[in-house]
Amino acid sequence: QVQLVESGGGLVQAGGSLRLSCAAAGSISSIRTMGWYRQAPGKQRELVATVTGAGTANYADSMKGRFTVSRDNAKNTVSLQMNSLKPEDTAVYYCNAVVRTRTSYTFLEVWGQGTLVTVSS
């Protein structure tokens, strides 16, 4: 069993910054990728950014240059630094990880419970 616990959401004014953090806990053997997705009201969940164990990051085009994803492999954590926030960044942000547990030979996808980010204009 693997759990992802997020923190750091909240209310911020447009142009401000927030930092989200996520910690993976449980019977973890290895983590392939960790990252963030978001879902705005009435919209589908979309990619924000992911990062591999080697540190290779992948961003959605609209987040490039404003958001930075980072990962601490030793602590099984991933963070998302969000700068220059816009009202359209308002969404529930979900932590995501592709992990292999100590009792599994395959990787599985795990989601956090989500944290709300609200950007006011």
Side-chain angles (χ1 to χ4, degrees):
Q1 190 79 2
V2 177
Q3 301 87 33
L4 302 179
V5 179
E6 302 129 333
S7 61
L11 174 65
V12 64
Q13 288 189 332
S17 298
L18 275 178
R19 185 176 181 86
L20 305 182
S21 297
C22 172
S27 180
I28 299 170
S29 174
S30 63
I31 303 179
R32 179 177 289 169
T33 62
M34 298 188 79
W36 297 89
Y37 289 73
R38 71 184 187 185
Q39 187 167 18
K43 295 188 177 181
Q44 290 188 330
R45 191 173 296 188
E46 64 175 352
L47 169 72
V48 175
T50 60
V51 58
T52 68
T56 301
N58 177 47
Y59 294 92
D61 287 343
S62 62
M63 285 60 149
K64 289 179 180 178
R66 299 190 299 125
F67 292 6
T68 302
V69 64
S70 59
R71 176 173 166 176
D72 186 328
N73 292 330
K75 296 181 179 179
N76 289 335
T77 60
V78 64
S79 297
L80 182 70
Q81 178 65 40
M82 304 184 291
N83 299 326
S84 302
L85 283 162
K86 306 174 183 179
E88 51 263 43
D89 293 317
T90 295
V92 177
Y93 285 70
Y94 294 92
C95 182
N96 172 275
V98 178
V99 307
R100 186 173 63 190
T101 68
R102 293 193 177 97
T103 58
S104 173
Y105 292 102
T106 61
F107 284 86
L108 56 97
E109 192 170 35
V110 183
W111 293 92
Q113 78 282 3
T115 185
L116 178 63
V117 172
T118 303
V119 184
S120 63
S121 57

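Remember, predicted model here, so these are calculated numbers, not experimental data.
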Rounded to the nearest 0.5 angstrom, the CZ-OG distance for F107 and S29 is 7.5 Å

Is there a path of hydrophobic side-chain contacts, each under 4.5 Å between heavy atoms, that joins V48 and W111?
no

All heavy atoms of V69 vs all of A57, minimum pair found to be CG1-CB, 3.7 Å

One should read off an interatomic distance between R38 CZ and R45 CZ, to the nearest 0.5 angstrom, of 13.0 Å

In this structure, would V78 and Y37 fall into the same cluster of hydrophobic residues linked by side-chain contacts under 4.5 Å?
no

Check your understanding: Can you hop from L18 to V51 via hydrophobic side chains spaced under 4.5 Å?
Key -> yes

Here the gap from R100 atom CZ to S27 atom OG, rounded to the nearest 0.5 Å, amounts to 11.5 Å

Practice problem: For the residue pair F67 and Y93, categorise the inter-ring angle as parallel (less than 30°), tilted (30 to 60°) or perpendicular (more than 60°). | Solution: tilted

Heavy atoms of S17 and Q81 approach each other most closely as CB-NE2, 3.9 Å

Side chain to side chain contact (heavy atoms under 4.5 Å, CB included) with V117: of T90, L80, L20, V92, only one passes, and it is L20

Of all heavy-atom pairs linking A49 and Y59, the shortest is CB-CD2, 3.5 Å

Here the gap from T50 atom OG1 to M34 atom CE, rounded to the nearest 0.5 Å, amounts to 11.5 Å

| query | When you measure from the side chain of E6 to the backbone N and O of C22, does any donor-acceptor pair fall under 3.5 Å? | reply | no

- Message: Is it the case that over 12 heavy atoms from other parts of the model lie below 6.0 angstrom from the CD atom of E109?
- Response: yes

Let's go through N58 and L47 carefully: what are the C-alpha distance in whole Å and the side-chain angles of both, what is the deciding distance for side chain to side chain contact (heavy atoms under 4.5 Å, CB included) to 0.1 Å, and is it a yes or a no? CA-CA 9 Å; N58 177 47; L47 169 72; 3.5 Å; yes

K86 and D89: CA distance, side-chain angles, deciding distance, salt bridge (charged side-chain N to carboxylate O under 4.0 Å, His left out) verdict:
CA-CA 5 Å; K86 306 174 183 179; D89 293 317; over 6 Å; no

Within one Ile-Leu-Val-Met-Phe-Trp-Tyr cluster: L4 and I28, side-chain cutoff 4.5 Å: yes

Check: V99 and N76 side chains under 4.5 Å, non-hydrogen atoms: no

Correct closest heavy-atom pair for S79 and R19 would be CB-NH2, 3.5 Å

Value for NZ (K43) from CD (E88), rounded to nearest 0.5 Å, stands at 8.5 Å

Here the pair of heavy atoms bringing W36 nearest to S21 is CH2-O, 3.6 Å

Using modelled atom types and a 3.5 Å cut-off, is there a donor and acceptor pairing between side-chain atoms of R66 and backbone atoms of S84? yes

Minimal heavy-atom distance between D72 and A74, with the atoms involved, is OD1-N, 3.0 Å

